[in-house]
Each structure stands twice: as C-alpha cells, then as structure tokens.
Amino acid sequence: MSDQITDRIAKLEKIRELGVDPYGSRFTDVTANAAIAAAAEKLTIESGQILDAGPETTFRAAGRVTLHRIFGNLMFMTVRDRTGDLQFGLSKKMVTEGWKVAKLLDLGDIVGVEGTLGRTKTGELTLWCTSLTLLSKALRPPPEKFHGLTDVEARYRRRYVDLFANPESRDVFIKRAKIIDYARAVLHRRGFLEVETPVLQPIYGGAAARPFTTHHNTLDMDLFLRISPELYLKRCLVGGLERVYEFSRNFRNEGISPRHNPEFTLLELYQAYGDYHDMMDVCEDFIAGAARDVIGTNKIMFGDQEIDYTTPWPRMKYVDLFAEHVGFPLTDIAKVRQRARELKLEETKMDDAVVVNALFEHHVEPKLVNPTFVIDYPAPICPLTKRDPADPNFALRFELFINRMEIGNAYSELNDPAVQRETFSNQLRGEGDETMAVMDEDYVEALEYGMPPAGGLGIGIDRVVMLLTGSKSIRDVILFPLQRGQGPGT
RNA sequence: GCCUCGCUAGCUCAGUUGGCAGAGCAGCUGACUCUUAAUCAGCGGGUCCAAGGUUCGAGUCCUUGGCGGGGCACCA
C-alpha cells in the first residue's frame, strides 16, 4: 500500500475522532457551480469584496476538490462539479468549527459547503464558506493536477478517474448524451415510436457479421446476441406501428480497431410508406442539426481535416463514383477482376458483385470526406433491399460516408416475400462463412402477411459522436470499452 | 490471428556506450489570511510489466509471456 493511501487513512481516522463522518449523506439545496457563476454575473462585486449574506448571494455547493492552496489560516480550493470549476475560500475565522476538518482535506475529497459570493483581490469569483461538510474522503490520490490522466490504458480501465480528472473527456460524454437526445427529438417530431426488440435472438440477421453465442439453461436453447435489430423492427411495420426506432446495442464478434468496438450503438428506424429518400432527409436533419445545435457549428475539425456538414449533402450514384475513381465501368468484369488481382485480393473465391464492392471500398470510400450519400448499390450485395424497378441489377440502397467512414446505411425495404425468400437462399461467395443471408422463416412469413413499403435506416451513433466531438478512437466515445484480462478466468 | 511501438515513484515523464534509480507534480514537516499549475525551506517514496538468459555487472542486450497504442486482416 502506498504512503499516500496510508496518510489518507490516518487523516480519515482523525476526522472520525473529531466526531465527523468522513462519508457524508444527503446534501440538499445545492446550486451547480455554473449556475452560481451565472448568478454572480448579475451582481456587482468589487475585487476584495465579500457580499453580505442573503438569498441572492449565499449558496450551497458541492463537488470534488481538484486544487488547493493554503496560507496558514486561509485556504483556497478549486472545486469541480458536473458543470465546471469554482473557487471556494475558507478562512479559520469564518469556519471555526470546520477548520479542523478543512486542514485534513486532500485533493480528490468531495465536499459540500455553504458560502457567500465575493471576489479576491485579484478579482477571482470566490464562494467564501461559512460551513464545510466532508461528503466523501478520497483514499487514493487523483492524477497529476496539470497533465491529468493521459495514459490511454488507464483512461479506459479507470474511466471514473478520467471523467473527473479530464474535463474534456467528461464533455465528450455529455455531448454524446445531447446528440442522442437530439436524435430522439428529430424522430418524435416526425412521429416515430421508440420500441425495444430482442437482444437475445434464436436466429441472427440484418447484417453480415459473426455473432456472439450464448445459452439459455432452462430452455436449453442456444441464442445469439443481436448483430442488428432490423428483422424485428420490420416485423413492427407488419404489425402496423408504421414509424419505429430503436437505439440498438449490437454485438459483433470481430476485430477491435479505432473504429470498431465489439458492442456498439446503432440507431435504427423504419418509416412505412416512405423510401430511402426519406431516410436521407432524416440523416441530414439529425447529423447536420446536431452539429449546429449541440456542437454549435456546421464545420467541425476531425484531426487536420475540416468537415462541412452544411446541407444538402451530395447524392452520388454508386455506378458513377465507381467509374470516376476506379477508371472503368463496374460492368467490365474482366477489368474488375484484373484490378482485384493487382490488389492481391482472392478474387477467384468471390462473386462478381463482391469483387466490385471490394474495389469500391479500396478506391472510392477513401475519397469521401465531406458527408456524401452513395446511392443505388449492386443488387446482389443487398439481400434486404427493394430492387430498382427501372434496373433490377441495382437496389434502392444508400450508404452515408463522412470522413471516409461508413456512418449510415439505408434501404427502400424489400417487402416482396418471394424475392426475400430467394435472396435468403442465395448465399454470396466471398462474404465470409456467416453472412446476413441466414434464412429466417418466421420473418418471411411476416412479410407474407404484408409489410407496407418503407424506408429503413441505420446510423452508427458511436461514429457520429466521434465525428462531432473530434474523437479519433471509438473508445473515446464509449464509457467503458472492452479491455482484455479483467475477468475471473484471466 | 499477423506486423510494429510502448510499459520506470500515486500521476506526468527523463534515464547517455551495460557501471550507485532521477525530475516535476502529488505526499510528509515547517513558514505564510487574497492564492489560482501559489511560493519558500527541509524530508520520505521504486517488484524499472513478469519470468528466464547473456554478463564481473542489466531499467538498458537476448528469449518467452502479459497488458496497451497504431497498422494489416475481419468488419459497420
């Protein structure tokens, strides 16, 4: 055990000897630091002045001590709450009872105070305390006051420390919550209903991904953690709920990267009687709106790259982007396969459409920096999408790209049960052993009852938060990202 | 799974050619009633990720392993 912890335990015992509980309880009528600062803005306070106590000038406040400066019988401390930092002042004269406890305070302790506003000789807004209550003694020291906690592993494993030590980290998660609130507001305005569908699924579907498996003991039944809520949400359309959405935690048993976490959040929504054009409108409303209203600008830096969220966003055909950036039409399969061989792809194991899409990912996607809708995908890689009536080789699907990342994926939903049954049966080669085309007989039966034509959309919420907060890693926008070696089996 | 970089005090980091383990912050003691990364004086603090190996001698070199970052593969 470190000396610092030993010292703090000794102080805790001294505090108990003073008859004070070092782990306090309910502390009522607290005004947030930011609100206290806002209230002070309305008052005239001279430097060096402490105002007379009164309902406009006296506040109760609480938070964690992040800095302190002690001058014999005078103490300043910087106290942090969820809204920001505020300086508290304590003098032995003003807090006669609390002074003994104040001298035993450490950085990281959580305190509650009552005090009166004033300014120091240097003009700093200060809450001059008339009482001090220790609400929680910290036994472990906080990170270094200037650099905070910078060790990446420590920030993920002990996020609670990161959150109180690094305000910019806390701000990311506050913004994440506001972005999600904003999405809900957009959808409610459009008449959508929030629903919840199974995480434990007997058949996984709705995406191309390897699932996590688990087992229900009493039913003696193998189950999958969902890779997508899609097939259940579309059952809701059959049932007549017509406009539904879900913030879906999805689980995919695949690699981890700065853009991939094994569990991640997808906003998925379905709108009966609409199509994928309506879904483009929703994307723009949500993401450009959140940039404007949550972040406060439509031009946001991501690293060195400025991204312009100003709408409308370009809507480019897949076939045209392919020809432009690859250099020949996607229908020229000989050239497509030739190029794939040059890129050392195992093209002989892939169907044509899979090779085409591999070239698209290699040549086109890296060019898509500002928000771009790529529309009308080759039909064979779209098993859940309605075919274009004008050209059944293409499907009415778009993907939204921002900063080279796929952010959204949307279809005019396939609602012909016969076509759906057929696409479930035609497994594509080159898409891995376990693709989205797992036959879900109950889902096809649902379509046979009649599903209205609909637009459907999935948006990667973690990635949207990354973009809007300038976070380089998905782990910086997930509170507790998966880390190796924490369980009893390790 | 593969490649690569990293792991030194509570935190942030130095550590030369293989030759006594260092600094700042934090902590402890003392001074100090207007500081704000407070200041000044003094003091304490190490499983150098782990285990082997080479060597008279390893934080440093070698091997294996652990954990993490980045890249590839997979994928959204």
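Chain letters run A, B, ... following the sequence lines, proteins first, then strands; residues in each count from 1. The structure displayed is predicted, hence computed values, not measured ones.
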Do A:Phe164 and A:Arg170 come within less than 4.5 Å of each other through their side chains, counting heavy atoms only?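 The answer is no, as the side chains (C-beta and beyond) never meet within the 4.5 Å cut-off.
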
Is the shortest side-chain heavy-atom distance between A:Lys137 and A:Asp109 below 4.5 Å?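 When only atoms from C-beta onward are counted, A:Asp109 and A:Lys137 do touch, with a gap below 4.5 Å.
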
Between [N] and [X], is there an OP1 or OP2 to side-chain N/O distance shorter than 4.0 Å?
| X | N | answer |
| --- | --- | --- |
| A:Lys344 | B:A73 | no |
| A:Lys472 | B:G70 | no |
| A:Lys145 | B:A26 | yes |
| A:Thr120 | B:U35 | no |
| A:Arg69 | B:U35 | no |

Main chain of A:Leu163, side chain of A:Asn166: is a donor-acceptor contact present, judged purely on distance under 3.5 Å?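 No, A:Asn166 side chain to A:Leu163 backbone: no donor-acceptor pair under 3.5 Å.
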
Output the single nucleotide from [options] whose closest atom is nearest the side chain of [X].
| X | options | value |
| --- | --- | --- |
| A:Lys11 | B:G27, B:A76, B:G69 | B:G27 |
| A:His68 | B:G27, B:G69, B:A76 | B:G27 |
| A:Phe71 | B:G69, B:A38, B:G70 | B:A38 |
| A:Glu153 | B:A26, B:G68, B:A76 | B:G68 |
| A:Arg259 | B:U35, B:G68, B:G71 | B:G71 |
| A:Lys121 | B:C34, B:U33, B:C13 | B:C34 |

Pairing partner of B:U33 (Watson-Crick or G-U wobble, both distances under 3.5 Å):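 Partner of B:U33: none found under 3.5 Å.
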
B:C43 pairs with, by Watson-Crick or G-U criteria that keep both distances under 3.5 Å: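 Check on B:C43: paired to B:G27, both distances under 3.5 Å.
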
Is NZ or CZ of A:Arg159 both nearer than 6.0 Å to the six-membered ring centre of A:Phe480 and within 45° of the ring axis?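 No - A:Arg159 does not lie over the ring of A:Phe480 by the 6.0 Å and 45° rule.
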
Do A:Arg176 and A:Phe173 form a cation-pi contact, if we require the NZ or CZ to be under 6.0 Å from the six-membered ring centre and within 45 degrees of the ring's axis?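 Ring-cation test returns no.
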
Rounded to the nearest Å, what distance is computed from the CD atom of residue A:Gln4 to the P atom of nucleotide B:C28?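 The distance from CD of A:Gln4 to P of B:C28 comes to 8 Å, rounded to the nearest Å.
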
In whole angstrom, give the distance that lies between atom CZ of A:Arg158 and atom P of B:U12.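 In whole Å, B:U12 P lies 9 Å from A:Arg158 CZ.
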
Is a donor-acceptor contact shorter than 3.5 angstrom present between the side chain of A:Glu124 and the base of B:U35?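 By the distance-only test, no, there is no pair.
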
Polar pair under 3.5 Å, donor/acceptor by atom type, side chain A:Ser91, base B:U33: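 No, no donor-acceptor pair under 3.5 Å.
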
Is the ring of A:Phe76 stacked on the base of B:A38, with centres less than 5.5 Å apart and planes under 30° off?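 Stacking between A:Phe76 and B:A38: absent.
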
Which residue lies toward the 5' end of RNA chain B, A:Ile256 or A:Gly48, if each is placed at its nearest nucleotide?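 Its nearest nucleotide being more 5', the pick is A:Gly48.
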
In terms of the nearest nucleotide of RNA chain B, which residue is placed more toward the 5' end: A:Glu361 or A:Ser473?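 The residue closer to the strand's 5' end, by nearest nucleotide, is A:Ser473.
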
Mind checking the P distance from B:G44 to B:G1? Whole angstroms is fine.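 Looking at atom P only, B:G44 and B:G1 are 48 Å apart.
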
